[in-house]
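See below for the structure under consideration.
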Number of protein chains: 2
Amino acid sequence: MGDTSALFENDDVVYAATQIFDALSDFTRFQILGALSQGEKGVSELQEVTNVSQSAISHQLRLLRDRGLVSARRDGQRVIYSLADEHVTTLLNVGLEHAAEDAHVEIA
Amino acid sequence: MGDTSALFENDDVVYAATQIFDALSDFTRFQILGALSQGEKGVSELQEVTNVSQSAISHQLRLLRDRGLVSARRDGQRVIYSLADEHVTTLLNVGLEHAAEDAHVEIA
DNA sequence: TGAACACATGAACAGTTGCTCATAAGTTGA
DNA sequence: TCAACTTATGAGCAACTGTTCATGTGTTCA
């Protein structure tokens with residue numbers, strides 16, 4: 001890992017970092033991204049995972065699309081979403097691991 | 001890194017992860033944590049770094065204390081804050097690196 | 001073409017967030 | 001003890017967030 005200390009002085013970079021973290025800070029979005037980290041999925045599949053309404057999912061997917069975290073392709077009537085950024089997988093895993101440690105949950 | 005995929009099904013762990021990310025999702029808090037990642041600091045020093053009011057800093061420090069991300073000790077009139085959790089440093093760095101890459105900023 | 005299906009979008013609303021302002025609380029030296 | 005200094009806190013408020021509800025858009029198949 002490079003020396004990141006100088007990056008703290010670059011407001012644009014700091015802001016961009018906060019935006020990434022913000023995307024991961026909501027329960028529904030985290031679940032969506034978690035599901036997508038295990039493979040691309042359609043909206044109805046994501047709905048099963050998250051247990052919120054179709055509309056709510058779509059709104060969150062729009063936010064994630066706008067921030068460049070997921071990308072979409074159409075397959076007939078369905079729209080298939082996938083992670084647009086490998087970075088996200090890393091952050092999800094690091095965040096989960098740390099949360100699990102704090103909560104004393106064993107990692108396989 | 002262990003296999004984290006099972007953790008996505010543990011709502012408590014997922015929620016804990018979102019709370020960590022939430023702490024990192026605000027510009028002021030990110031600056032505070034960034035400054036602290038380079039060593040413990042008093043409130044007035046943090047105020048210089050962040051350029052917001054003393055009250056605003058204190059409110060954010062309270063949130064970070066409540067979430068267990070920073071710890072405080074008194075030194076005379078001053079109160080010295082430091083990171084309570086090594087995890088945070090990792091996340092700050094990973095987030096910054098990724099943000100810098102996205103923004104095509106060179107890392108030393 | 002039209003009905004059925006899958007997803008997206010806009011408005012509206014309650015809940016939350018981060019700030020300011022005023023003030024309180026803790027510490028030191030005179 | 002009191003004034004000066006540093007930090008913390010509560011109330012209040014404008015801005016933002018995540019959801020629901022209603023409806024729109026795009027696609028398939030008969």
Side-chain angles (χ1 to χ4, degrees), chain A residues 11 14-36 39-84, chain B residues 11 14-36 39-84:
Chain A
D11 282 0
V14 169
Y15 181 73
T18 64
Q19 289 304 101
I20 294 175
F21 287 125
D22 182 69
L24 300 168
S25 72
D26 174 75
F27 195 85
T28 301
R29 286 196 296 272
F30 196 99
Q31 287 186 308
I32 291 173
L33 294 169
L36 295 182
E40 60 175 19
K41 289 189 173 46
V43 176
S44 59
E45 294 171 84
L46 292 172
Q47 196 176 344
E48 289 167 28
V49 173
T50 56
N51 213 34
V52 307
S53 75
Q54 178 265 314
S55 176
I57 294 277
S58 271
H59 279 298
Q60 296 294 13
L61 285 170
R62 177 154 162 65
L63 184 151
L64 294 171
R65 254 186 295 133
D66 288 348
R67 297 216 184 148
L69 296 181
V70 305
S71 52
R73 77 180 158 80
R74 189 172 268 283
D75 174 29
Q77 291 178 332
R78 290 157 35 86
V79 176
I80 310 296
Y81 282 87
S82 53
L83 294 187
Chain B
D11 282 0
V14 168
Y15 180 74
T18 64
Q19 288 305 100
I20 295 175
F21 287 126
D22 182 68
L24 300 167
S25 71
D26 175 75
F27 194 85
T28 301
R29 286 195 296 271
F30 196 99
Q31 286 186 308
I32 290 173
L33 294 169
L36 295 182
E40 59 175 20
K41 288 189 172 46
V43 176
S44 60
E45 293 170 83
L46 292 172
Q47 197 176 343
E48 289 168 26
V49 173
T50 57
N51 214 34
V52 308
S53 76
Q54 177 266 314
S55 177
I57 294 276
S58 271
H59 279 298
Q60 296 294 12
L61 285 170
R62 177 155 162 64
L63 184 150
L64 293 171
R65 253 186 296 133
D66 288 349
R67 297 216 183 150
L69 296 180
V70 304
S71 51
R73 76 181 159 79
R74 188 171 270 284
D75 174 29
Q77 292 178 330
R78 291 158 34 88
V79 176
I80 310 297
Y81 282 86
S82 55
L83 293 187

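Since this is a predicted model, take the numbers as computed values, not measurements. A note on names: the letters A, B, ... follow the listed sequences, proteins ahead of strands, and every chain is numbered from 1.
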Original post:
Say you draw a straight line from OG1 of A/Thr50 to CD1 of A/Ile32; how long is it, rounded to the nearest 0.5 Å?
Top reply: 6.0 Å
**OP:** Report the distance from atom NE2 of A/His59 to atom OG of A/Ser53, rounding to the nearest 0.5 Å.
**Re:** 8.0 Å
Original post:
Less than 3.5 Å between a donor and an acceptor, one on the side chain of B/Gln54 and one on the base of D/dA8, is that the case here?
Top reply: yes
**OP:** Figure out the CG/C1' separation between B/Leu24 and C/dT17, and round it to whole Å.
**Re:** 16 Å
Original post:
At under 4.0 Å, does any side-chain N or O of A/Arg65 touch on OP1 or OP2 of C/dT9?
Top reply: yes
Original post:
How close or far is atom P of C/dA8 from atom CD1 of A/Ile57, stated in whole angstroms?
Top reply: 10 Å
Original post:
Considering residues at least two apart in sequence or located in another chain, which fulfil the side chain to side chain contact (heavy atoms under 4.5 Å, CB included) criterion with A/Tyr15?
Top reply: A/Thr18, A/Gln19, B/Phe27
**OP:** First locate atom CG of B/Leu24, then atom CG of B/Leu69, and finally report the distance between them rounded to the nearest 0.5 Å.
**Re:** 7.0 Å
**OP:** Nearest whole angstrom, please: distance from the C1' of D/dT7 to the CD1 of B/Ile80.
**Re:** 11 Å
**OP:** Working to the nearest 0.5 Å, report the span between CG of B/Leu64 and CG of B/Leu36.
**Re:** 8.5 Å
**OP:** Using whole Å, report how far CZ of B/Arg78 lies from P of D/dC5.
**Re:** 15 Å
Original post:
What string of B, S and - do you get for nucleotides 25-30 of chain C, 5' to 3', when a contact is any protein heavy atom under 4.0 Å?
Top reply: -SBS--
Subject >> B/Ser82 versus B/Glu40, closest heavy-atom pair with distance >> reply: CB-CB, 3.8 Å
Dump the pairs, protein N or O against N or O of nucleotides 16-20 of chain D, anything under 3.5 Å, distances to one decimal.
unit_1 : atom_1 : unit_2  : atom_2 : d
D/dG18 : OP1    : A/Arg29 : NH1    : 3.3
D/dG18 : OP1    : A/Arg29 : NH2    : 3.1
D/dG18 : OP2    : A/Arg29 : NH1    : 3.0
D/dT19 : OP1    : A/Thr28 : OG1    : 2.9
D/dT19 : OP2    : A/Gln60 : NE2    : 2.8
D/dT20 : OP2    : A/Ser53 : OG     : 2.9
D/dT20 : O4     : A/His59 : NE2    : 3.3

Subject >> Whole-Å gap separating P (C/dC7) and CD (A/Glu45) >> reply: 9 Å
**OP:** Calculate the interatomic distance between A/Asp66 atom CG and C/dG10 atom P; express it in whole Å.
**Re:** 11 Å
**OP:** Would you mind classifying the nucleic acid contact of B/Tyr81 as base, sugar-phosphate or nothing, using non-hydrogen atoms under 4.0 angstrom?
**Re:** sugar-phosphate
Original post:
Quick one: B/Leu61 CG to D/dT6 P, roughly how many Å, whole number?
Top reply: 16 Å
Subject >> Qualifying side chain to side chain donor-acceptor pair (under 3.5 Å) pairs with a residue from residues 20-29 of chain A, counting only residues at least two apart or across chains >> reply: A/Asp22-A/Arg67, A/Arg29-A/Gln60
Subject >> Contacts of A/Arg74 that satisfy side chain to side chain contact (heavy atoms under 4.5 Å, CB included) - sequence neighbours left out >> reply: A/Val79
Subject >> Residue pairs, two or more places apart or on separate chains, that pass salt bridge (charged side-chain N to carboxylate O under 4.0 Å, His left out) and touch residues 42-54 of chain B >> reply: B/Glu45-B/Arg78
**OP:** Would you mind reading off the distance between A/Arg73 atom CZ and C/dA8 atom C1', rounded to a whole angstrom?
**Re:** 18 Å
